[in-house]
Each structure stands twice: as structure tokens, then as C-alpha cells.
Chemist: 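Handing you a structure now.
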Amino acid sequence: MNKTPQQTLIESLENRTARVAILGLGYVGLPLAVVFAEAGFTVTGIDPDQRKVETIRRGESHIQDIPGEQIARLVSAGKLHATTDFSVLGDMDAVSICVPTPLRKTGDPDLSYILNATEELAKYVHPRMVVVLESTTYPGTTREILLPKLGDEKGLDVGENFFLAFSPERVDPGRLDWTTLNTPKVIGGITPACSQVAAVWYAQALQSVVPVSSAEVAEMAKLLENTFRMINIGLVNEMALMCSRLGVDVWEVIDAAATKPFGFMKFTPGPGLGGHCIPIDPLYLSWKLRALKYTARFIELASEINTYMPRHVVTLVQDALNERQMSVKGSRVLVLGAAYKPDIDDLRESPALDVIGLLEQKGAQVSYHDPYITRLRHDGWEMDSVPDLMEAVRSADCVVIVTNHSSYDYTAILQEARSIVDTRNALGKAGKDNPKVVRL
Ligand code: SAJ
């Protein structure tokens, strides 16, 4: 009896003859390509960035979590290829789209990367192909944007001879305990058959696959994950604002609450919300709901509080200088840490950039230090990390700890600084009730 397209495709996925393509070789796509190649598939990574392609072809890695020797081994084994040529998609059976989904300057979603990838893929999509979108986006994107261009307009019957699903990426760069291989992977298709085909594909390589009933459920699960974090960070930031008015130590309050062994999850206040996920993904959701005449109040309120925090930090600097009869204008302020979170070199959406900009607007002489980021370029200004950290600490009128990299010697900084604003409780108890320290 003739096999259905679904049976044929599933068979090729299970025996690894299905050819795999990963569109986008960033911090999501390259680890995914490696995981499928390690599972025995022949994988082709496609990226318009010639440098990324050439790095992989040389057997090297441009992603911190993937060792170069792993790339070299897979490339020489003929299991991993890389190209800028999208036409190879005509020979592929299983395609995962891992492209960026940033925000425009207006704060609206920028779907241009998804649209470009979809339009390229639409030139080559064919029967018995499965396509999975991994890029974080608003619920409905897979069905409303990808399905028409890849299915209907190409005369393909989704769920019959073409399979389309969404599977949110859960990559946390630098994390060693939870990786692409062992982090449970949610997958939801346009139809149940799509969910099944996509789940079978991913289950060949990943340790845990969680099929859900639709692409929308999978899209929304990811947004819940990251909105949960954004709102809880907004909550503790507001706790910090309330505690400062009450004269209560918010850090002690949070540590005390965190002793509750159930029903509580610790988040800590900070100078704002950085990164390419947490501050951005929830705004994809609130944007979609606005189009449906609904206001996602929690997201909008949390976003308002989180984006206020850099201003709050600047008022703390004003307070610290005021204690010494100094104005911000003309004072030398050293910002410690520019990355959006400790011990990484990622500047995306970093609140340090806002703090520096606001201090400069008030006329402060601002300098910064970050062991991972030697030069800052933002909004038309550029700045080098100070070469001699302790000399800069000694000569600053105020030191602002914005990112608490673990490599800093906080005891020495506390010793040498004239005054410190600590937005991360980096100084711990040594900073509490210390006349030269102002804490968030
Ligand atoms: N932040 C706080 N207080 C907190 C936690 C974070 O102010 O209690 C700030 C950080 O300083 C940073 C921003 O929020 O500026 C985001 O921090 P994050 O810890 O959420 O780190 P991200 O942005 O790298 O989030 C990633 C996410 N991973 C994916 O989206 C795949 C997130 O889902 C992970 O939960 C998070 O890593 C993690 O747990 O490390």
C-alpha cells in the first residue's frame, strides 16, 4: 500500500535520511544545528552573514556555548555544512527557522527577519517538508504569516503533504546545566499531524519534547515564560521603590521572603531590564492584544516600572553627591559594569546605557568600566572602558555599580571609593548602613 507523505517523511526523519536545514546561525540556530548533526542528520546551516558561514567552514565556532572542535569534527565528518545560498532549501526535508525578532524603534515588533526567511523558503518549499519556527513572536504568527506563504500559496495542503509548527527556543547563553540538548522543548503544529511530524523530528535529537495541540499554544507558552520574568522583576523593582519610601531594606525583605520553601520565587531589583528576550518578548504579546482592543495591563505596568529604574538610579547618584554638597553637573561618575547581566559581554538593551546617557544629560563627567566590554557605542556616542579600574574608582566622585560582575574586588572598591551607589547589592552587608554607600 502506498505510504502517505506524512508516513514517508516520518520514516526519513527516523532513519536520518531526511536532510535538515537551520535558517539563522546565531545563539539558537548553531546549537540546534549541532544537536541535529550529532544525532546523525546531515545538516546545512544557512545564514546571510558570510563571516558566520566561513567560520563554520573553517571548523570554528562563533557561539560561546559551542566548542570549535565540535564544529570541526562535524564539518569534517560531512554532517555539518554552512552556506549563504538559500537555494539549497530545495533539497531539504526539515527546516528550522531561528532568526531574530527584535522591536522597532517605535516599540512595535520587527518581523522583517521572519518575513525574509519565509519568502526565501517559499521559493523552495515542496511536498513532504516540515518547517518549524523557533523565533519568539506573537501568538498567531505561524498560522497568519508562514502558513499562507508556505502552504496555501504554494498549493500545499498543511497537515497532509506539508507540515508546519512552532517550537520556542529556550537557549540561555552561557548556561551549562540546561542546554539545547536537555532542555524540554515545547512543539505545537498548525494541525495535529503537524505537531506529530515536528515532534518526531525533534525527538530524534533532543532529550525531551513536549507536543502541544497548536502553534498558538507553543507561541503563547514562550511568552508566558518570559512575561512571568519581566513582571516579577517589575514587582521587585516596585518593592525597591516602596521600601526606599518606607525606610526598609528591600534586600533583607527579599532574602527573608525567599526563606519560604514553597509558593515563592526570588527575583532581585536592579537598574533596569536588559537582554534581547525579557524586555522585548512580552511587548510582542501586548502589541498583539492591542490589535484585539485589549490592554495587557500587567505587561504595560511592569514595562513602565522597569524602564523607570535607570532614572531612579540617577536620583540615587544625585542623593549620594548631595550628601557631599555636590551636584551631578561636573561631578566625575564611574559606572561599573555595562553588560545587561553579570559575567557576560552582551550589551543588548542594557540599562547601563540608559544610566550613562541620563548622567551625561545632567552634565556629569561619566566614565565606565566593564571587563567584558572594552568599548561602548550607543545613540551616537562612544566610550572606552577605563584602563585602570582602581585609579578610576579612586578619582571618581561617585561609583555606580550597575552590573555586578563576579570578577570585581568589591572590598577594594568599597575601601577606595569616595561614594558608591550599589544597584545590585553587590557589596552585600558591607554596603548596609555604610555612610558612603547608597543602595537601591
Ligand atoms: N534581572 C533583574 N532581576 C532578576 C532577574 C533578572 O533585574 O531577578 C534583570 C537582569 O539583570 C537582566 C534582565 O533582568 O538585565 C534579564 O535577566 P534574565 O536573568 O532573565 O536573563 P536573560 O535575559 O538572559 O533571560 C534568559 C531567558 N532565556 C530565554 O529566553 C531562552 C530566560 O527565559 C531565562 O529564564 C533566563 O535567561 C535565565 O534564567 O537565566
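All residue numbers in this chain count up from 1 along the given sequence. Whatever order the structure lists them in is the order used to number ligands and atoms, beginning at 1.
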Chemist: For ligand 1, which atoms sit closer than 4.0 Å to a heavy atom of C277?
Modeler: 30 (O)

Chemist: Counting only heavy atoms, which portion of M309 has something under 4.0 Å from ligand 1: side chain, backbone, both, or neither?
Modeler: neither

Chemist: To the nearest 0.5 angstrom, please state how far the CD atom of E134 sits from the CD1 atom of I22.
Modeler: 7.5 Å

Chemist: Below a 4.0 angstrom heavy-atom separation, can you tell me which part of K222, side chain or backbone, both or neither, approaches ligand 1?
Modeler: side chain

Chemist: Out of E225, R229, K341, E169, who is nearest to atom 19 (O) of ligand 1 when you count heavy atoms only?
Modeler: R229

Chemist: Pull out every atom of ligand 1 sitting under 4.0 Å from any heavy atom of G274, numbered as shown with elements.
Modeler: 12 (C), 13 (C), 15 (O), 16 (C)

Chemist: Would you please indicate yes or no on a ring centroid separation below 6.0 angstrom for W201 and F163?
Modeler: no

Chemist: R57: which residues meet the salt bridge (charged side-chain N to carboxylate O under 4.0 Å, His left out) condition with it, sequence neighbours left out?
Modeler: none

Chemist: Does any N or O in the side chain of D346 come within less than 3.5 Å of the main-chain N or O of A339, such that one atom is a donor and the other an acceptor?
Modeler: no

Chemist: To the nearest 0.1 Å, how far is atom 33 (O) of ligand 1 from its closest protein heavy atom, and which atom is that?
Modeler: N226 OD1, 3.0 Å

Chemist: Per the side chain to side chain contact (heavy atoms under 4.5 Å, CB included) rule, which among L25, T83, L23 passes with D47?
Modeler: L25

Chemist: For ligand 1, is any non-hydrogen atom under 4.0 Å from R175's backbone (N, CA, C, O), its side chain (CB onward), both, or neither?
Modeler: side chain

Chemist: Ignoring hydrogens, just give me the one of T423, V236, I278 whose non-hydrogen atom is nearest atom 23 (O) of ligand 1.
Modeler: I278

Chemist: How close does the nearest protein non-hydrogen atom get to atom 9 (C) of ligand 1, and which residue and atom is it?
Modeler: L273 CD1, 4.0 Å

Chemist: What distance separates W251 CH2 from L427 CG, expressed to the nearest 0.5 Å?
Modeler: 10.5 Å

Chemist: Would you say the ring centroid of H62 lies under 6.0 angstrom from that of Y27?
Modeler: no

Chemist: Is there side-chain contact between T118 and L121, with at least one heavy-atom pair below 4.5 Å?
Modeler: no

Chemist: Which part of I233 is near ligand 1, with near meaning a heavy atom under 4.0 Å away: side chain, backbone, both or neither?
Modeler: side chain

Chemist: So if I count the atoms of ligand 1 from 1 in the order they appear, which ones are less than 4.0 Å from some heavy atom of T268?
Modeler: 2 (C), 3 (N), 4 (C), 7 (O), 8 (O)

Chemist: To the nearest 0.5 Å, what is the distance between CG (L13) and CZ (F36)?
Modeler: 9.0 Å

Chemist: Which option, N306, N232, D172, owns the non-hydrogen atom nearest atom 37 (O) of ligand 1?
Modeler: D172

Chemist: Taking only Lys NZ, Arg NE, NH1 and NH2, and the carboxylate oxygens of Asp or Glu, determine whether R439 and D249 approach each other closer than 4.0 Å.
Modeler: yes

Chemist: For ligand 1, which atoms sit closer than 4.0 Å to a heavy atom of V171?
Modeler: 28 (N), 29 (C), 31 (C)

Chemist: In terms of atom number and element, which parts of ligand 1 are under 4.0 angstrom from non-hydrogen atoms of R424?
Modeler: 7 (O), 11 (O)

Chemist: Can you sort out which atoms of ligand 1 are near R170, meaning under 4.0 Å from one of its heavy atoms?
Modeler: 31 (C)

Chemist: When you measure from atom 12 (C) of ligand 1 to every protein heavy atom, which one gives the shortest distance, and what is it?
Modeler: Y340 O, 3.3 Å

